[in-house]
Structures are given as C-alpha cells and as structure tokens.
**Q** 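Please read through the structure below; I'll follow up with questions.
Start at 1 with the first residue, then count along the sequence. Side chains are part of it too, since the values below use all heavy atoms of this structure and drop only hydrogens, waters and symmetry mates.
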Amino acid sequence: MPAPPLSLYNTLTRKKERFAPIDAANVRMYVCGPTVYDFAHIGNARPIIVFDVLFRLLRHVYGEAHVTYARNITDVDDKINARAAEEGVSIRDVTERTAKQFHLDIASLGVLPPTVEPRATEHIAEMREIIDALMARGHAYAGADHVLFDVNSMPSYGEFANRSLEEMEAGARVDIAPYKKGPMDFVLWKPSKAGEPAWPSPAGISVQGRPGWHIECSAMAAKHLGEVFDIHGGGIDLVFPHHQNEIAQSVCAHGTEVMANVWMHNGFLQVEGEKMSKSLGNFITINQLLTTKDFGGQPWHGKVLKLAMLGTNYRQPIDWTVSRLAQARATLMDWAALLHDVPAADEPHEEILAALADDLNTPSAMSIIHGIAKSAQRNGDAAARLKASLQFLGVYDNEAPDDFSVGREAVDVDAAKVDALVAARAAARKAKDFKEGDRIRDELAAMGIALKDVRDPYTSVVTTAWEVKK
C-alpha cells in the first residue's frame, strides 16, 4: 500500500510540518540516550518508546535499509564518577553494569535496537575537533584549563529555547567562575580531577581533561549522521540547556544554519498526579516495574508498560498510575485471547498508519485499534490485520493471555563472560572462521543471550550488542 504522508511537530518552528528528508535513501534520526550511572526510570522510558514508534514508521515509509537511528550512551559524566566513588568500584564497572541493565530493561518494552549506539568515550577525538573548530571560528575560549563556548558570539543563541538571554540568566543555575567571560557561557572541556577519566586536552591546554555534557551529543551525531541530519529527539526537559547548546556548538563549528531540520520532544511524566522524585518516594525505575511489587503490588509485563505509554499523545504530560497499567494489561489479555496463534496479515491497517503519520497520534491509533478489535471477533481478515498492526507497534507478538499477567524475573548475568564470548566471536569472524563464530553464537543463545550485529553506515565498522532474551 502507498505510504501515508508524514507530518511532525517541529520544536524548531513551533508548528506541525510535512516531513521531507534530506535524502529519502538515507533518513537519519538522533535521540539522546541514557547517562549510565543508575537504573533508568520510567520517565527515561518515554522517549525510548516514543521514538521507537517513529523509527518503525520511518522504516515502513522509506524502507528498513534507508533509515539510520542513532541513540547514544553517555559514559563519562560527573554522576558516573560520583557513583563509582560511592560504591568503591571503577568507573568502567559502573558504566558497563548500568548499560547492560539498561539494554535488558528496555528490551522488555518491545522496542527495536537503534541502528547505531555510540558511546561518548569512543568519540573524544571528534569532540576535540569540534572544540578546535569553535576556537578557530571565535566561538570558544580557554581559561584556567577549561574551554568554554562564548554565548555572546552567537546572536541567535536562545531562539530555539524561545528565551532571551536575560530570561535564561534569571532562570538558570549559573555557575559563576572567574575564567568565564559571560554568565551563560558553558563548558566544552574541563580539567580532570585525580581518579577521573582523562584525555589529552584541545586548545593547547597542557593538563588532561574530559568533555562537557553538551559537546558529546554534537560529536556523536555529526560522526554517525552528518553535520546536518533529519530528526533530533528527546524529552522536553532537554530543550534548554542541552539541545540549545548542542545547536550552538554544531552550527558554529560546522558553519551550517541548523543541526537538524526537525526537533521533537516528548512531554513530562508524573506519578499518580505528582512529580516523580526520590524525596517524595515515588521514583520508579523500569526495572522495578518489571521485576518487583513496588508499584501496584505486582510486577508488570514490559509490553503493558509500552501500551500504557502510547495511550497519551507523546507531546502531552502523562500521569503514570496503577489504574493505567491495569487497563493496559486487561486490554492486552483481551487481544491475546482473540489473536493468539492467528496468522498475521502482511501489512498493518492503513488507518492506523495514517494516524501515526499525523505526528505520531497514538491515541487516535489506539481508538482505531479498539474498533478493529470489535470487528476481529467475527472477521478473520480483521483479526489478521489487527495482529499485524500490534506487531508493527511492538506491543504484541504472539503471547498467550496469561503471559501479560506476570512481569519479568530479575536476571543475574555474568557480563564479563558474555563480553569475552562476544569478543571471541568477533575475532573468529575477522579471521573468517565463521564455523567458530556460529558455534559461539549458539553457546550464547543457550545462555539466553541474543546478539545483534550493527554496521555503521559511515565507517562500515560492525559492532555487536547483546541482550538477555525473555
């Protein structure tokens, strides 16, 4: 069937626009991923789920081979350093353990892995290149072994966030330091303290240091998607300062008018009518929802979480409640009773695709799905289309009704052993010993580990991610 025209709300222009990719054969999307120092909370799950739906839709419209989705991992950060010191372990111990747990938790949500998942620590050279370009163009300066972006050098700074410089200064927690020219100037690079990750510094600074937060995404996005790409996504809380600063760094370093043509942001999440916070005791991680009885007296199936999330428009705030989850679970159990072992159609329903093409209107798509479900009770073709549509969204495969009544057992994985086997498989494949590579894959499969080989479209380098199968 012909693909529906796609319209998306663009934070950059503050209106809904017809989406036109730079190159329909190479559609590129970047979404800010986790900082790996702790379990991801349910608010972190919202962009994961929202942009998974968009990724699926883009693949349907333009072809699976023509869409690149990059979602980063931030593995150098003050919070990571603090957690490692608190636990008395190495920084790498924290980042590797937390990244593995993140992958395990979000796999339960029925989301596709991104095409590429760059890590900040693997892109330090690209960060230094951007910083040197900013220095050369007069947009950055060095002081006290720091490099800072000169906000006054960019007259349009603040336009993306829709704030004047005075408003930003009044509303921000401005770090006053003697080496800063202006109060809103932000750090691109800073000296490392003892025990912290450290690399050779840019700008002729003799002491070793590490990057600021914002420069990381600019470097990773440019490396994997180009200096200007199609879509940049994330939570609404990232509009300022993170995304505003990403834009400032990228356009000033590369001499472009924009960093991405379309910027998309999902709304906030609250819990039972209150802002989620540790001080209120309502801070909920994805892992808690999947494996414990901490919320609603029972663990929840990952696809229940996903369906519950899709009931609200992605740009609107969402209230995360036990009743919302209970309703999603009941709905999935009803669908499973109707569709279990029913052959799926080749294509999702065109009305559902049209709803999603209208700025990811998942509430409208859900309303259409409920209507199709009523027809599916007496119509085999409708049942087949319904199943294909639910599979397209990643909320149902072929589970039995009772599968949705339970969560996931907590899994203890020997990550070091898995990593060693993955490395051994990579070495075997490089040596063209594909028989040994297949044997190692089978060994990992027997351990309950699934592998995904991802080829970077720019470098052709293949990396392998792994996750625990449910």
Side-chain angles (χ1 to χ4, degrees), residues 31 33-34 36 38-56 69 71 73 96-114 117 266 269 271 276 283-311 314 318 320-322 324-333 335-336 340 362 390-415 418 444-445 447-452 454 465-470:
V31 175
V36 285
D38 203 349
F39 287 99
H41 59 70
I42 190 57
N44 300 141
R46 196 173 192 192
I48 298 295
I49 290 171
V50 165
F51 293 103
D52 174 72
V53 173
L54 180 56
F55 183 37
R56 292 167 182 268
Y69 172 21
R71 187 187 66 220
I73 286 181
E96 290 303 306
R97 181 189 72 225
T98 308
K100 295 293 190 302
Q101 188 64 58
F102 169 75
H103 289 137
L104 174 60
D105 289 343
I106 65 168
S108 297
L109 303 178
V111 298
L112 299 172
E117 192 174 49
N266 61 269
L269 178 143
V271 176
M276 183 171 64
F283 188 87
I284 305 168
T285 68
I286 304 169
N287 188 263
Q288 282 176 293
L289 290 167
L290 295 171
T291 64
T292 75
K293 298 181 179 182
D294 293 348
F295 192 72
Q298 63 182 72
W300 301 91
H301 192 283
K303 289 179 181 177
V304 169
L305 307 186
K306 187 175 191 182
L307 183 63
M309 197 75 78
L310 296 181
Y314 79 95
I318 186 171
W320 196 252
T321 65
V322 173
R324 173 186 287 268
L325 293 178
Q327 180 59 55
R329 182 185 60 192
T331 298
L332 280 171
M333 293 179 76
W335 289 343
H340 184 58
T362 54
L390 298 178
Q391 288 177 333
F392 174 77
L393 285 167
V395 296
Y396 180 73
D397 189 7
N398 194 41
E399 294 91 346
D402 286 346
D403 291 338
F404 295 110
S405 65
V406 296
R408 190 194 75 206
E409 291 184 5
V411 179
D412 185 16
V413 178
D414 186 344
V418 173
L444 287 164
M447 295 166 57
I449 303 297
L451 301 181
K452 179 176 175 60
V454 178
W466 61 266
E467 66 187 32
V468 182
K469 295 185 291 187
K470 293 178 289 180

**Q** Compute whether any side-chain donor of one residue and acceptor of the other, for Glu117 and His103, lie under 3.5 angstrom apart.
**A**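 Yes.
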
**Q** State, to 0.1 Å, how close Leu112 and Asp52 come at their nearest heavy-atom pair, and which atoms those are.
**A** N-OD1, 2.7 Å

**Q** So, do Asp402 and Met333 sit near enough that their side-chain heavy atoms are less than 4.5 Å apart?
**A** yes

**Q** Under the criterion side chain to side chain contact (heavy atoms under 4.5 Å, CB included), which of Asp294, Thr292, Leu289, Leu269 is the partner of Ile284?
**A** Leu289

**Q** Checking Ser108 side chain against Gly302 main chain: does a donor-acceptor pair fall under 3.5 Å?
**A** no

**Q** Between Arg324 and Ile318, is there a side-chain heavy-atom distance shorter than 4.5 Å?
**A** yes

**Q** Determine the minimum heavy-atom distance between Ile73 and Ala99, stating which atoms define it.
**A** CD1-CB, 4.3 Å

**Q** Which heavy atom of Met276 sits nearest to which heavy atom of Gly43, and what is that distance?
**A**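 Scanning both residues completely, I find the closest heavy atoms to be CE-N, 4.0 Å.
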
**Q** So Ile42 and Gln288, side chain to side chain contact (heavy atoms under 4.5 Å, CB included) or not? Walk me through it.
**A** CA-CA 9 Å; Ile42 190 57; Gln288 282 176 293; over 6 Å; no

**Q** Which distance, rounded to the nearest 0.5 Å, do you find between the CG of Asp38 and the OG1 of Thr285?
**A** 8.0 Å

**Q** Which heavy atom in Trp300 sits nearest to a heavy atom in Arg329, and how many Å separate them?
**A** CZ3-NH1, 3.8 Å

**Q** Go through the steps to decide whether Phe295 and Val271 satisfy the test side chain to side chain contact (heavy atoms under 4.5 Å, CB included), and finish with yes or no.
**A** CA-CA 10 Å; Phe295 192 72; Val271 176; 3.8 Å; yes

**Q** For the atom pair CG (Asp105) and CG (Leu290), what is the distance rounded to the nearest 0.5 Å?
**A** 5.5 Å

**Q** If you take all heavy atoms of Ser405 and Gln298, which pair is closest and at what distance?
**A**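 So the minimum-distance heavy-atom pair works out to O-NE2, 4.5 Å.
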
**Q** Are the side chain of His340 and the backbone of Pro401 linked by a donor-acceptor contact shorter than 3.5 Å?
**A**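 A pair under 3.5 Å: no.
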
**Q** Anything under 30° is parallel, anything over 60° is perpendicular, the rest tilted; go ahead and classify Phe283 against His41.
**A** perpendicular

**Q** Just by distance, do the side chain of Arg71 and the backbone of Pro114 share a donor-acceptor pair under 3.5 Å?
**A**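 Not a single qualifying donor-acceptor pair exists.
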
**Q** Test side chain to side chain contact (heavy atoms under 4.5 Å, CB included) on Trp320 and Leu305 and set out the steps.
**A** CA-CA 10 Å; Trp320 196 252; Leu305 307 186; 3.9 Å; yes

**Q** Given Lys306, which partner from the list Leu332, Leu393, Val395 fulfils the side chain to side chain contact (heavy atoms under 4.5 Å, CB included) test?
**A** Val395

**Q** What distance do Ile106 atom CD1 and Ile49 atom CD1 have between them, rounded to the nearest 0.5 Å?
**A** 9.5 Å

**Q** What are the two closest heavy atoms between Val304 and Ala328, and how far apart are they?
**A**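 Answer, listing the atom of Val304 first, then Ala328: O-CB, 3.7 Å.
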
**Q** Does the side chain to side chain contact (heavy atoms under 4.5 Å, CB included) test come out yes or no for Lys100 and Val418, once each step is laid out?
**A** CA-CA 11 Å; Lys100 295 293 190 302; Val418 173; 5.9 Å; no

**Q** I want to check something: taking the side chain as every heavy atom from C-beta on, are Phe102 and Ile286 in contact at a cut-off of under 4.5 Å?
**A**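 Contact flag for Phe102/Ile286 side chains = no.
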
**Q** Please determine if Lys303 and Asp397 form a salt bridge, counting it only when a charged side-chain N lies under 4.0 Å from a carboxylate O.
**A** no

**Q** In the structure I gave you, are the side-chain heavy atoms of Tyr396 and Trp335 within less than 4.5 Å of one another anywhere?
**A**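 SC-SC contact between Tyr396 and Trp335 ruled out.
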
